[in-house]
J.: 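Sharing a structure here in C-alpha cells format.
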Amino acid sequence: MPLDDETTLKLDSFGNVTTDSPYKKKIEKYFSLDPEAAKAFREVASLNAMRAAQRALEMYAEEKRRASTDDEKTLAFNRYTARGIVIQNLSGEMSFQDGKLTSASMTYISAISDLRGSKAPDRGAAPVSLLV
C-alpha cells in the first residue's frame, strides 16, 4: 500500500477496523490478524474523540461566558450539542496519508476553532458541510 495515498479507516459497530480503500482486503486482514494493532487504533481514535469533545466543551464555556442574553446562552448550548453529535459520529474515523494518522474528530473541531478565532492545535481543515 503506497504511503502517500490517502486511506480512510473506520471502526464499525463491532469495533473492527474497516476501509473502502483499494487495499480493503489487505488492511482489514491486517487488523483482524493483529488484535494489538486494532486495539491501538481504537485507543487512538477514542483519545482523539475525547480531546475533540474537551475542546468543544471549552468552546461552549467561552461562548456561554460571552453570551449576554438567555437566547444567546441557549444558542451556545445548541451549538455545543450539535458539535458533540458530529464528534461522536466521527469518533471512529481516521485518515492515513504520508505516514500520518489524522483523526476526523480533531480535524472537525480544529476547523471550528479556527473559524471561531479560538486557539486550537492545527490539525487540518474539515469539509465545510461538517462545520457547526
J.: Under the rule for salt bridge (Lys or Arg N to Asp or Glu O under 4.0 Å), what residues qualify as partners of K29, not counting sequence neighbours?
T.: none

J.: Name all residues meeting the side chain to side chain contact (heavy atoms under 4.5 Å, CB included) criterion together with I85; count only those two or more places apart in sequence or in a different chain, and write none if there are none.
T.: T81, N89

J.: Got a second to check how far E93's CD is from K10's NZ, nearest 0.5 Å?
T.: 4.5 Å

J.: Run the side-chain hydrogen bond (donor to acceptor under 3.5 Å, both in side chains) test against K39 and tell me which residues pass, sequence neighbours left out.
T.: none

J.: For Q88, which residues count as a side-chain hydrogen bond (donor to acceptor under 3.5 Å, both in side chains) partner, sequence neighbours excluded?
T.: none

J.: Hey, what else clusters with L33 if you join Ile, Leu, Val, Met, Phe, Trp, Tyr whenever side-chain heavy atoms sit under 4.5 Å?
T.: none

J.: Looking at residues at least two apart in the chain, or sitting in another chain, which of them share a side chain to side chain contact (heavy atoms under 4.5 Å, CB included) with E28?
T.: T18, T19, K24

J.: With sequence neighbours excluded, what pairs up with A53 under the side chain to side chain contact (heavy atoms under 4.5 Å, CB included) test?
T.: none

J.: Taking only residues two or more places apart in sequence or in another chain, which ones pass side chain to side chain contact (heavy atoms under 4.5 Å, CB included) with A37?
T.: Y30, F31, D34

J.: Residues in side-chain hydrogen bond (donor to acceptor under 3.5 Å, both in side chains) with D12, at least two apart?
T.: N16

J.: Partners of T69 by side-chain hydrogen bond (donor to acceptor under 3.5 Å, both in side chains), sequence neighbours excluded?
T.: none

J.: Who passes salt bridge (Lys or Arg N to Asp or Glu O under 4.0 Å) against E58, sequence neighbours left out?
T.: R55

J.: Other than F14, which residues form its hydrophobic cluster under the rule that side-chain heavy atoms must be closer than 4.5 Å?
T.: none

